[in-house]
Amino acid sequence: DAGITQSPRHKVTETGTPVTLRCHQTENHRYMYWYRQDPGHGLRLIHYSYGVKDTDKGEVSDGYSVSRSKTEDFLLTLESATSSQTSVYFCAISAQDYGYTFGSGTRLTVV
Amino acid sequence: EDQVTQSPEALRLQEGESSSLNCSYTVSGLRGLFWYRQDPGKGPEFLFTLYSAGEEKEKERLKATLTKKESFLHITAPKPEDSATYLCAVALGGATNKLIFGTGTLLAVQP
């Protein structure tokens, strides 16, 4: 496999609680991305990183923050989870000018 | 505004019945167009990259083609195991290597 893992695979959390999702890669790729996938909206970019401590916002970044302190790890944090953040979250990695390799996803339910 | 539109949203075929999926795009500075396959509960899996109009790529029963405004994924004599959601994405210009995804075509191939 491509050497990208996401954890946890499933999580149920309560409204207002903080949640952190982890993406770990063993490919030493520069670029890492967090997407959410919802019916009717497809994959939408939340945040991305182009190097250690270098991150930027995507199209749906409100309510989310990220950190990348090491090349191999990219963390997505929901500061205070809301029901609208119930979704499937995918991490992806890429080398320059190549397509993405995706993780298996995290199914997050906010109740 | 950069946009990717896929059609149809869903397609039901009989085994052996060939068809095509469409991906139309309006972007400023296309660096590449990607096709992915996604099975339920899994992350998208890379199929093809196309970089310039006129380019074609083939893999088993799938063939992807690219024009200046759209891409087609042709499926020849499909089998039930080809059932999946097929996603199209375009890479934008610039150093971020970001992809914009369409909402996908859900393909069901009946035996």
Side-chain angles (χ1 to χ4, degrees), chain A residues 1-7 9-10 21 23-25 27 29-51 54-61 66 68 74 87-108, chain B residues 1-10 21-25 27 29-52 55 57 59 64 66 71 73 84-106:
Chain A
D1 282 353
I4 175 173
T5 56
Q6 290 184 235
S7 59
R9 289 298 313 277
H10 303 272
L21 309 183
C23 178
H24 178 78
Q25 62 150 329
E27 303 296 314
H29 284 337
R30 176 182 178 188
Y31 297 96
M32 299 185 76
Y33 310 83
W34 277 107
Y35 281 83
R36 60 179 289 173
Q37 187 173 40
D38 305 287
H41 290 279
L43 285 158
R44 292 181 291 173
L45 181 64
I46 305 171
H47 281 279
Y48 63 99
S49 171
Y50 44 95
D54 291 323
T55 65
D56 206 347
K57 296 178 180 180
E59 62 177 308
V60 290
S61 59
V66 291
R68 191 171 178 196
F74 193 32
S87 185
V88 180
Y89 292 86
F90 286 101
C91 176
I93 60 175
S94 80
Q96 181 70 43
D97 288 337
Y98 287 92
Y100 294 1
T101 300
F102 284 86
S104 299
T106 295
R107 183 172 295 275
L108 177 68
Chain B
E1 180 185 356
D2 299 318
Q3 194 167 357
V4 178
T5 303
Q6 291 188 246
S7 63
E9 290 186 10
L21 313 182
N22 178 264
C23 171
S24 63
Y25 60 90
V27 297
L30 178 73
R31 293 184 70 177
L33 186 141
F34 301 84
W35 283 98
Y36 288 85
R37 169 191 171 126
Q38 186 174 24
D39 294 301
K42 296 187 177 181
E45 177 185 344
F46 171 78
L47 291 174
F48 303 109
T49 308
L50 302 166
Y51 291 105
S52 58
E55 188 174 0
K57 294 275 181 72
K59 179 180 180 180
L66 181 64
S71 177
L73 184 65
T85 296
Y86 290 86
L87 301 172
C88 169
V90 296
L92 306 180
T96 61
N97 216 36
K98 287 193 290 185
L99 296 186
I100 295 179
F101 284 83
T103 53
T105 294
L106 175 60

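From a predicted model like this one, the values you see are computed outputs, not experimental measurements. Throughout, protein chains are lettered first and strands after them, A, B, ... in sequence-line order, and every chain is numbered starting at 1.
With a 4.5 angstrom heavy-atom cutoff, A/Arg9 touches chain B only via side-chain atoms.
Remark: the backbone N or O of B/Leu99 is paired with a side-chain donor or acceptor of A/Tyr100 at under 3.5 angstrom.
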Please table the atom pairs, donor to acceptor, closer than 3.5 Å between any side-chain atom in residues 39-47 of chain B and protein atoms at least two apart or in another chain.
{"residue": "B/Asp39", "atom": "OD1", "partner": "B/Arg37", "partner atom": "NE", "Å": "3.3"}
{"residue": "B/Asp39", "atom": "OD1", "partner": "B/Arg37", "partner atom": "NH2", "Å": "3.0"}
{"residue": "B/Asp39", "atom": "OD2", "partner": "B/Arg37", "partner atom": "NE", "Å": "3.3"}

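One distance of note links CZ of A/Phe102 with OH of B/Tyr36; it measures 5.5 Å at 0.5 Å rounding. Atom CG of A/Leu43 and atom CD1 of B/Ile100 lie 12.5 Å apart (nearest 0.5 Å). Rounding to the nearest 0.5 Å places NZ of B/Lys98 at 9.0 Å from OH of A/Tyr33.
Listed by first and then second residue, the salt bridge (charged side-chain N to carboxylate O under 4.0 Å, His left out) pairs involving residues 37-46 of chain A are A/Arg36-A/Asp38, A/Asp38-A/Arg44 (not counting sequence neighbours).
Of all the heavy atoms in A/Phe90 and B/Gln38, the pair that sits closest is CZ-NE2, 3.5 Å.
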